[in-house]
Amino acid sequence: MAKETPFVPVKVKCPFCGIESTQRYIKSRMYKDEVVEEDSHVAVYSWENPEFAMVRPNLYHIWHCPTCHFCDEKETFRGEDKSGGKLELIKEKLLIHSRMPNSLIANMGEKINFDKDVYHIDSAILAHLLAIHEQELLSLNMRQYAKLARFHLRLAWLYREKTSLAIEDENVPEGFGSFKEYLDSLQELWPGIPTEEPPALEVALARYRDILNHSANADVRYEINIMNLIIAILRRAGRNAEALQMVRGVFTASTKARQTARAAVQKNINVAQNQAILNFAAGSIDKASELAEELGDIVFKEELPAAKEAVLKMGPVDAKTVVDKLRELKFSDITCRRMGKMFEMQAKKK
């Protein structure tokens, strides 16, 4: 009887070099996402078979061609990528850059060890970095921002896991004291390469903002989900005031979507679709209202000491002047308004 395995091996030709290799993905029904963090990172998986507990499915998201070192999601390898990929352009760039002296593609690609079933996190990190690098070989207007955002976020998760799970380095390249030291050495060939979680999250944040800026006529539910993900990333980075601004954006977008969908339902236009949008928008509004209150308290608490100090330096002023001056000093709107109310109430007591 064959031993049970969570892996499905697939023989597939690389969409670039055409050479066949064996890739693998994991049977999704064999595990569940047990603990999911706010930015969608799965911290704990629950396996039907406890023997597979050491397997982390997110390490298998990117496929790697061992011949030309092309890296991307399985949909691209299978020819199922419908997101407007510029494969021929990437192929041209890949061929040029892979043949250069001290090629970054060869440098990283040759250190990816996907020959064994249970992948090591270091190889997964290199595969994600290569997938990002190959996208960034394209000009700005040709890049797939959804992929870049997704890849950077997943890369940040890998760095987080390497730290939180205290995972030891795989095979440290010769001449380096650690895997991190090796990654840092690549800055010379790739200025700005994200080698830790914070910079990877920062780029992911920028790319998700790019999606919003280029999402004309996109499904409103997709846009709101992206906005909620941006909020989660901002909160993880401790940028609560920015997160609060985005929450207000979610509230505005959800309110508008609800009004539009309600009008369409009343006119009997695409009733099922618009009813689904109506329900989604209602849930988003409730969630945004709760989050706005929570974040408002956090931001006000964070800014209160500095705001009090700023007000003391203003001298004799009225409530309106307090609000205006604090806004000039770039305090958040919630702090400006609350300080104005506090000042107004104190004035009434005198």
Side-chain angles (χ1 to χ4, degrees), residues 32-45 56-59 61-62 121-122 124-125 128-129 131-132 145-167 179-180 183-184 192-213 215 221-254 283-284 286-304 306 330-335:
K32 294 180 181 178
D33 299 343
E34 191 72 23
V35 178
V36 183
E37 295 177 328
E38 193 172 20
D39 65 354
S40 299
H41 170 244
V42 181
V44 179
Y45 296 94
R56 296 196 63 79
N58 58 319
L59 272 60
H61 185 75
I62 297 292
I121 199 165
D122 289 356
I125 286 171
H128 279 72
L129 283 170
I132 290 167
Y145 289 104
K147 272 191 176 183
L148 281 170
R150 190 161 62 247
F151 291 169
H152 277 95
L153 181 58
R154 286 182 168 275
L155 177 65
W157 296 345
L158 294 175
Y159 287 136
R160 188 182 308 170
E161 289 180 12
K162 173 129 181 157
T163 300
S164 64
L165 301 177
I167 299 173
F179 180 67
K180 175 65 164 57
L183 290 182
D184 287 338
I193 177 176
T195 62
E196 296 177 299
E197 179 184 350
L201 278 179
E202 191 64 32
V203 181
L205 182 61
R207 297 295 80 82
Y208 278 118
R209 290 189 188 276
D210 287 334
I211 293 172
L212 290 182
N213 293 334
S215 62
R221 288 168 291 188
Y222 174 72
E223 290 189 356
I224 290 172
N225 284 333
I226 294 294
M227 293 168 79
N228 281 324
L229 188 52
I230 289 174
I231 291 167
I233 296 172
L234 286 170
R235 293 193 70 182
R236 185 165 187 88
R239 293 157 63 176
N240 294 305
E242 291 178 64
L244 181 57
Q245 285 184 319
M246 186 60 70
V247 169
R248 291 184 180 128
V250 169
F251 188 89
T252 300
S254 299
S284 293
D286 289 342
K287 181 181 176 182
S289 299
E290 292 176 7
L291 191 53
E293 186 173 347
E294 177 188 342
L295 279 172
D297 290 341
I298 292 172
V299 171
F300 183 60
K301 185 178 180 180
E302 289 174 343
E303 295 184 344
L304 183 57
K330 306 300 181 184
F331 282 91
S332 66
D333 185 62
I334 192 75
T335 296

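Small disclaimer: the values here were computed from a predicted structure and weren't measured.
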(Q) Out of the candidates Leu153, Asn58, Leu155, only one should pair with His128 under the side-chain contact (heavy atoms from CB on, under 4.5 Å) rule; please name it. (A)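 Exactly one option meets the side-chain contact (heavy atoms from CB on, under 4.5 Å) with His128, and it is Leu155.
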
Q | Single hit among Asn225, Ile224, Leu291 for side-chain contact (heavy atoms from CB on, under 4.5 Å) with Val250 | A |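 Only match with Val250 under side-chain contact (heavy atoms from CB on, under 4.5 Å): Ile224.
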
Can you tell me how far [atom2] of [Y] sits from [atom1] of [X], rounded to the nearest 0.5 angstrom?
X      : Y      : atom1 : atom2 : value
Ile298 : Asn240 : CD1   : CG    : 5.5 Å
Leu234 : Glu202 : CG    : CD    : 8.5 Å
Lys147 : Ile132 : NZ    : CD1   : 12.0 Å
Leu158 : Leu59  : CG    : CG    : 6.0 Å
Phe179 : Ile121 : CZ    : CD1   : 9.0 Å
Glu38  : Leu229 : CD    : CG    : 9.5 Å

Q: Please check if atom NZ in Lys180 has more than 12 non-hydrogen atoms from other residues, nucleotides or ligands closer than 6.0 Å.
A: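 Yes - once you tally the heavy atoms of other residues, nucleotides and ligands closer than 6.0 Å, there are more than 12.
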
Q) Does Glu293 CD have over 12 foreign heavy atoms under 6.0 Å away? A)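 No, because the 6.0 Å sphere around CD of Glu293 holds 12 heavy atoms or fewer from other groups.
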
(Q) So, using side chain to side chain donor-acceptor pair (under 3.5 Å) as the criterion, who are the partners of Gln245 when residues are at least two apart? (A)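 Expected list: none.
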
Q) What's the verdict on side chain to side chain contact (heavy atoms under 4.5 Å, CB included) for Arg209 and Met246, showing C-alpha distance, side-chain angles and the deciding distance? A) CA-CA 11 Å; Arg209 290 189 188 276; Met246 186 60 70; 3.7 Å; yes

**Q.** Stepwise side chain to side chain contact (heavy atoms under 4.5 Å, CB included) check, Arg248 with Ile334
**A.** CA-CA 12 Å; Arg248 291 184 180 128; Ile334 192 75; 4.1 Å; yes

Sub-4.5 Å side-chain heavy-atom contact between [X] and [Y]:
X      : Y      : answer
Tyr159 : Leu183 : yes
Asp210 : Leu148 : no
Glu302 : Thr335 : no

Q. Between Asp39 and Arg235, is there a side-chain N and carboxylate O pair less than 4.0 Å apart?
A.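 No, this pair does not count.
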
Q.
Over 60° means perpendicular and under 30° means parallel, so tell me whether His41 and Trp157 are parallel, tilted or perpendicular.
A.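 Ring orientation of His41 relative to Trp157: tilted.
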
**Q.** Flag, side chain of Tyr208 to backbone of Ile233, donor-acceptor distance under 3.5 Å
**A.**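 Judged by distance alone, no pair lies under 3.5 Å.
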
Q | Donor-acceptor contact below 3.5 Å, side chain Arg56 vs main chain Val42 | A |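 Such a contact is found between Arg56 side chain and Val42 backbone.
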
For residues [X] and [Y], report the shortest heavy-atom separation together with the two atoms involved.
X      : Y      : answer
Ser332 : Val299 : OG-CG1, 3.3 Å
Ala241 : Glu303 : CB-OE2, 4.4 Å
Pro194 : Leu129 : O-CD2, 3.8 Å
Gly249 : Met227 : C-CE, 3.2 Å

Q: Using salt bridge (charged side-chain N to carboxylate O under 4.0 Å, His left out) as the criterion, list what pairs up with Asp297, not counting sequence neighbours.
A: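 For Asp297 the salt bridge (charged side-chain N to carboxylate O under 4.0 Å, His left out) partners, ignoring immediate neighbours, are Arg338.
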
Q: Please lay out, stage by stage, how His152 and Leu205 fare under the test side chain to side chain contact (heavy atoms under 4.5 Å, CB included).
A: CA-CA 9 Å; His152 277 95; Leu205 182 61; over 6 Å; no

Q | Partner set under ring-ring contact (aromatic ring centres under 6.0 Å, His included) for Tyr145, not counting sequence neighbours | A |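 If we apply the ring-ring contact (aromatic ring centres under 6.0 Å, His included) test to Tyr145, skipping adjacent residues, the hits are His214.
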
Q: Could you verify whether a donor N or O on one side chain and an acceptor N or O on the other, from Thr163 and Glu197, lie under 3.5 Å apart?
A: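 No - no donor-acceptor pair under 3.5 Å links their side chains.
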
(Q) Let's go through Leu201 and Arg160 carefully: what are the C-alpha distance in whole Å and the side-chain angles of both, what is the deciding distance for side chain to side chain contact (heavy atoms under 4.5 Å, CB included) to 0.1 Å, and is it a yes or a no? (A) CA-CA 11 Å; Leu201 278 179; Arg160 188 182 308 170; 4.2 Å; yes

